[in-house]
Amino acid sequence: MMKTDWKQEIDNELSEITISRELRNKICEGIVERPEKGGLKKMIRAAAAWAVICVTTTTAFAGYNLCQRLLVNQEALPELDSMRVVDMIPLNAEPDESGWIEKDYTSYKELKNELGVHLLDTKMAGAQPYMQCRIITDNKDNAMITVDNYILGDTKDYEYSEEEKCYFYKSGKEYRSPVSLSVSMILSEEQLERGWDTEYMGYYQFAKEYTSKQGYKVNVLEDTVEDQPEDYVSEKAAVFVADGIEYTVKGRTSLENIKMIVDSME
């Protein structure tokens, strides 16, 4: 009987598998990293519950300062400007059984107009058909906005996937991915007292802190992917608070481009 070289056979089969556009742009840039809808809500509640413990050990104001933190793999980063209660127009939509509302928009401008909140924006985003916006809120304590394909840079050839409900694209030379925007808002004094923790888990590390042109304290995170190809451009995330609202600008481009985007937001 011929001895089977299983390792060689597996290697041969794997070598025949190809996935175009860089693992299909990591299945729409991080869709595999996002928790399920219910998972996101559980994460929010868990963070709020932990913050309540902080508040009970001290005054509400001091507890808020302690619990408004940005963490990377459980390590607290330099303090950002303070978040504040935001006056948002409640969404006219039915919540799910857990009390949460999820709503999609075709543009960031449309979303901002409905909320009645002054949210930072940049002319670098421009008018384009690939932007995907969503808000998740309980209309009471907090609201979280995500804007995928916020800034396209020199990425191109966008194709929509019905299965994944997102766009695949070809990387550019300067922007290896489009830039996304995330916005977090506190809507009640109760949530303000409980605090607001944001934690990045996994392949991230703190890169630097700086002050933006507008005077915002900014923390920059960077991925820690090992054995990168020679032309690899790391994913970076700039997190800052402006007028009491937390913003995250994230994409695979140079630090100079990320800083330029933050400085252009008004």
Side-chain angles (χ1 to χ4, degrees), residues 21-31 33-34 70 72 77-78 80-81 107-109 111-112 119-134 145-159 166-184 198 200 202-243 245-266:
R21 295 196 182 182
E22 218 172 339
L23 193 55
R24 297 298 282 172
N25 300 321
K26 291 201 304 183
I27 312 302
C28 295
E29 282 302 326
I31 197 170
E33 299 171 1
R34 296 175 188 163
L70 177 65
V72 176
L77 301 191
L80 298 175
D81 298 299
S107 74
Y108 186 44
K109 181 179 180 180
L111 184 154
K112 290 191 297 179
L119 297 176
L120 297 186
D121 202 353
T122 173
K123 293 179 180 178
M124 293 181 65
Q128 41 93 353
Y130 309 116
M131 195 177 289
Q132 293 181 290
C133 307
R134 166 171 287 195
I145 297 167
T146 56
V147 186
D148 291 329
N149 308 324
Y150 178 57
I151 295 173
L152 304 183
D154 60 351
T155 58
K156 58 185 178 180
D157 294 349
Y158 278 71
E159 297 177 3
C166 62
Y167 286 95
F168 299 118
Y169 58 88
K170 285 186 179 177
S171 298
K173 292 183 178 180
E174 195 169 350
Y175 287 79
R176 303 310 300 269
S177 78
V179 173
S180 67
L181 174 68
S182 301
V183 182
S184 298
T198 304
Y200 285 76
Y203 299 105
Y204 273 98
Q205 65 181 3
F206 175 61
K208 68 175 300 179
E209 62 175 315
Y210 75 97
T211 302
S212 72
K213 183 181 72 174
Q214 307 94 324
Y216 309 137
K217 299 175 185 176
V218 184
N219 284 333
V220 179
L221 317 179
E222 188 171 18
D223 73 33
T224 57
V225 176
E226 298 180 354
D227 301 321
Q228 309 101 320
E230 192 172 327
D231 62 346
Y232 181 77
V233 177
S234 64
E235 182 176 72
K236 301 168 186 69
V239 188
F240 63 98
V241 175
D243 301 321
I245 299 172
E246 183 182 87
Y247 296 83
T248 302
V249 174
K250 184 171 70 171
R252 290 183 58 206
T253 187
S254 67
L255 177 59
E256 290 73 21
N257 283 340
I258 292 292
K259 293 174 73 173
M260 179 173 60
I261 292 168
V262 172
D263 285 346
S264 71
M265 298 186 71
E266 55 186 22

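Model, not experiment: these values are computed from the prediction.
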If you define the side chain from C-beta out and look only at heavy atoms, does anything of Y210 sit under 4.5 Å from V262?
yes

Under a 4.5 Å cut-off applied to non-hydrogen side-chain atoms, are R252 and Y232 in contact?
yes

Does the pair L120 and Q214 meet the rule for a side chain to side chain contact (heavy atoms under 4.5 Å, CB included), with working shown?
CA-CA 12 Å; L120 297 186; Q214 307 94 324; 5.7 Å; no

Shortest non-hydrogen contact from R176 toward T155:
C-CG2, 4.4 Å

At what distance, to the nearest 0.5 angstrom, does CG of L111 lie from CZ of R134?
11.5 Å

Contact summary for C133 and Y108, nearest pair of heavy atoms:
SG-N, 3.3 Å

Side chains of F240 and M265: does their closest heavy-atom pair fall under 4.5 Å?
yes

Tell me whether T248 contacts the main-chain N or O of V239 through its side chain, where contact means a donor paired with an acceptor under 3.5 Å.
no

Could you state the interatomic distance from OG (S234) to CG (L255), rounded to the nearest 0.5 Å?
8.5 Å

Evaluate V218 against E209 for side chain to side chain contact (heavy atoms under 4.5 Å, CB included), listing each step before the verdict.
CA-CA 6 Å; V218 184; E209 62 175 315; over 6 Å; no

Spacing of CG belonging to D243 relative to CG belonging to L119, to within rounding of 0.5 Å:
10.0 Å

Starting at CG of D223, measure out to CD of Q205 and round the result to the nearest 0.5 Å.
8.5 Å

In this structure, NZ of K250 is separated from NZ of K236 (nearest 0.5 Å) by 13.0 Å

May I ask you to say whether K170 pairs ionically with D157, meaning some side-chain N is under 4.0 Å from a carboxylate O?
yes

K217: what forms a side-chain contact (heavy atoms from CB on, under 4.5 Å) with it, not counting sequence neighbours?
L80, D81

N/O donor-acceptor pair under 3.5 Å between D154 side chain and K173 backbone
yes

Would you say the side chain of V220 lies within less than 4.5 Å of the side chain of K259, judging by non-hydrogen atoms?
no

Does N219 reach the main-chain N or O of P78 with its side chain, forming a donor-acceptor pair under 3.5 Å?
yes

How long is the straight-line distance from OH of Y158 back to SG of C166, given to the nearest 0.5 Å?
11.5 Å

Can you list everything that forms a side-chain contact (heavy atoms from CB on, under 4.5 Å) with Q128? Sequence neighbours excluded, please.
Y130, M131, L152

For the residue pair S182 and T146, what are the closest heavy atoms and their distance?
OG-CG2, 4.3 Å

Any side-chain donor paired with an acceptor under 3.5 Å for Y150 and D121?
yes

Would you say the side chain of P178 lies within less than 4.5 Å of the side chain of Y169, judging by non-hydrogen atoms?
yes

Hey, mind stepping through M124 and V179 against side chain to side chain contact (heavy atoms under 4.5 Å, CB included) and telling me if it holds?
CA-CA 10 Å; M124 293 181 65; V179 173; over 6 Å; no

We want to know whether T122 and S264 form a side-chain donor-acceptor pair, criterion being a heavy-atom distance below 3.5 angstrom.
yes

Using side chain to side chain contact (heavy atoms under 4.5 Å, CB included), reason through L77 and Y200 one step at a time and then give a plain yes or no.
CA-CA 11 Å; L77 301 191; Y200 285 76; over 6 Å; no

